[in-house]
Amino acid sequence: MQHEIVKSGRSTDGPVELVDVDLVRRTKSGDVKAFEELFNRYHKRVYNIVYRLIPDETDAADLTQDVFVKVFNSIGKLRAEEAFFTWVRMVAVNICRDFIRRKPPRTDSLDAAVQFEEGEVRRELPDTSGGPEEALLDGDRKDVVRRAVKSLSDEHRVVVVLHHLEGLEVAEIAKMLGCPVGTVKSRLARARDDLRRKLGPYVDVG
Amino acid sequence: MRCEQIDELISDYSVGNLPRRVEERVREHVSTCRACAVEMERLELVMSAVEEEMTPVEPPVGLWNGVYNRISSPKRESVRDRVGRVLLRPRKVLSFGIGLATLAIVAFLGVSEHRQQVVATVSDPAAIEYVQSHLSVAAGDVFADRVSLGFAVSLSAEETRDQL
């Protein structure tokens with residue numbers, strides 16, 4: 001089999017790099033070394049997608065491995081080889097969503113308002129996870145933000161990660177999650193609202 | 001619109017999740033209300049902070065080893081997978097079906113022929129008389145197949161007439 005080898009932008013004395021398409025084709029024919037190269041190129045990015053969706057290091061590590069095992073076993077079905085990472089990202093998001101669904105459900109919805117005779121009241125349950133205020137005492141803005149994102153509901157965190165951290169458009173997210181664009185927009189709006197209330201006091205408005 | 005209402009709508013406005021008329025009213029209000037404009041700006045700063053601070057982290061060491069061990073170990077095919085693999089192959093399904101039908105036809109023809117042969121072999125008069133008396137006795141049996149016995153008796157009677 002002929003392989004197309006495309007030189008990188010380096011000088012002719014440097015090593016020749018294979019483009020993803022070539023590595024994908026080699027992997028399809030069972031070349032594990034080629035797959036290892038794809039793993040090396042993308043595992044950090046995949047780990048960060050997973051870790052942002054499932055903010056637990058052990059779970060994120062296990063799920064990242066699940067992603068690559070699934071990719072290896074299913075790569076024969078991939079037609080658009082040039083869209084390899086787009087496909088890998090979708091596999092990662094689906095595996096994370098399956099993991100979230102398997103988690104024991106909360107018995108009490110934090111998003112639903114409580115109805116009284118006098119009207120509707122938003123729930124305000126105490127957050128015992130160590131909120132942004134505690135992180136601020138340690139003086140680490142990064143921690144403050146991470147805790148706030150981690151405290152979002154699973155549904156809200158998914159859309160924030162995909163839109164604000166992965167840079168996907170609302171329509172792309174809707175297609176990936178299999179839900180209407182309006183649903184994605186609503187979730188994004190609620191997530192932004194939540195983050196504004198939690199992090200608003202810590203930003204400096206000019 | 002009051003500022004409290006605008007505060008509830010700011011996030012929906014920022015993602016384009018409002019009907020056009022409501023969106024226009026929010027925009028008009030924010031353009032004239034300093035407090036609401038500050039809230040709008042606060043929202044944008046918060047989201048910028050999220051994008052800046054959620055920097056990538058280093059994955060743990062050894063992830064590849066786990067992946068490699070799993071993709072290298074021989075896969076066990078489940079019974080379900082095996083059955084599915086066979087049933088989803090059209091040629092095999094067709095061949096199997098034709099074979100089964102052929103077997104059924106051969107078995108049916110074989111049994112029918114065997115039944116007729118059993119009745120047609122008796123030709124000796126003494127043997128016929130013996131068979132007739134035996135069949136008569138057997139016909140009285142509760143478990144006797146009266147239809148086939150009657151048929152056998154009538155056939156053997158015809159044979160006897162032919163012999164005579």
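In the text below, chain A, chain B and the rest are named by the order of the sequence lines, each starting its count at 1.
When the shell of 6.0 Å around CD of A:E57 is examined, it contains 12 or fewer heavy atoms from other residues, nucleotides or ligands. By the 6.0 Å contact criterion, CZ on A:F99 is enclosed, its count of non-hydrogen atoms from other residues, nucleotides or ligands being greater than 12. Within a 6.0 Å radius of NZ in A:K142, more than 12 heavy atoms belonging to other residues, nucleotides or ligands are found. Enclosure of atom CZ in B:R21 is not indicated, since only 12 or fewer non-hydrogen atoms of other residues, nucleotides or ligands lie within 6.0 angstrom. No more than 12 heavy atoms of other residues, nucleotides or ligands lie within 6.0 Å of NZ in A:K70, so this atom counts as exposed by the packing criterion.
If you tally non-hydrogen atom pairs under 4.5 Å between each of B:G66, B:G62, B:S72 and chain A, the highest count goes to B:G66. The residue among A:S186, A:A191, A:A189 with the most heavy atom pairs within less than 4.5 Å of chain B is A:A189. Ranked by heavy-atom pairs under 4.5 Å with chain A, the list B:G16, B:P56, B:P60, B:A49 is led by B:P56. Contact tally against chain B (heavy-atom pairs below 4.5 Å) for A:T64, A:D62, A:D66: the top residue is A:D66.
A donor-acceptor pair under 3.5 Å is formed between the side chain of A:R52 and the backbone N or O of B:M54. Between the side chain of B:R42 and the backbone N or O of A:G200 there is at least one donor-acceptor pair closer than 3.5 Å.
Heavy atoms of A:N40 lying under 4.5 Å from chain B are absent altogether. Proximity to chain B involves both the backbone and the side chain of A:L195, based on heavy atoms less than 4.5 angstrom apart. Contacts of B:T55 with chain A are made by both backbone and side-chain atoms, with heavy-atom separations under 4.5 Å. Looking at B:E44, the atoms closer than 4.5 Å to chain A (heavy atoms on both sides) all sit in the side chain, from C-beta outward. Heavy atoms of B:Y13 lying under 4.5 Å from chain A are absent altogether. With a threshold of 4.5 angstrom between heavy atoms, A:V149 approaches chain B through side-chain atoms but not through N, CA, C or O.
The CZ atom of A:R197 sits 10.5 Å away from the CG atom of B:L43 when rounded to the nearest 0.5 Å. The CZ atom of A:R187 lies 12.0 Å from the CG atom of B:N17; values are rounded to the nearest 0.5 Å. Between atom OG of residue B:S48 and atom NE2 of residue A:H164 there is a gap of 9.0 Å, rounded to the nearest 0.5 Å. Note: A:D194 CG to B:S11 OG = 9.5 Å, rounded to the nearest 0.5 Å. Interatomic distance, CE of B:M47 versus CZ of A:R196, reported as 11.5 Å (0.5 Å rounding). Once rounded to the nearest 0.5 Å, the distance linking CZ of A:F39 with CG of B:L63 reads 5.0 Å.
Within the 4.5 Å cutoff, the side chain of B:R70 has no heavy atoms near those of the A:N73 side chain. Taking the side chain as every heavy atom from C-beta outward, A:V32 and B:I71 approach each other to under 4.5 Å. A heavy-atom distance below 4.5 Å is found between the side chains of B:V67 and A:F35. A:E36 places a side-chain heavy atom less than 4.5 Å from the side chain of B:W64. Side chains of B:E53 and A:L199 form no contact here, defined as non-hydrogen atoms less than 4.5 Å apart.
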- Message: Using the rule given for side-chain contact (heavy atoms from CB on, under 4.5 Å), can you reason through B:D12 versus A:R190, listing the C-alpha separation, both sets of side-chain angles and the distance that settles it, and then say yes or no?
- Response: CA-CA 8 Å; B:D12 285 288; A:R190 298 290 69 74; 2.8 Å; yes

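Taking both residues in full, the closest heavy atoms of B:V57 and A:N48 are given as N-OD1, 2.7 Å, listed atom of the first, atom of the second, then distance.
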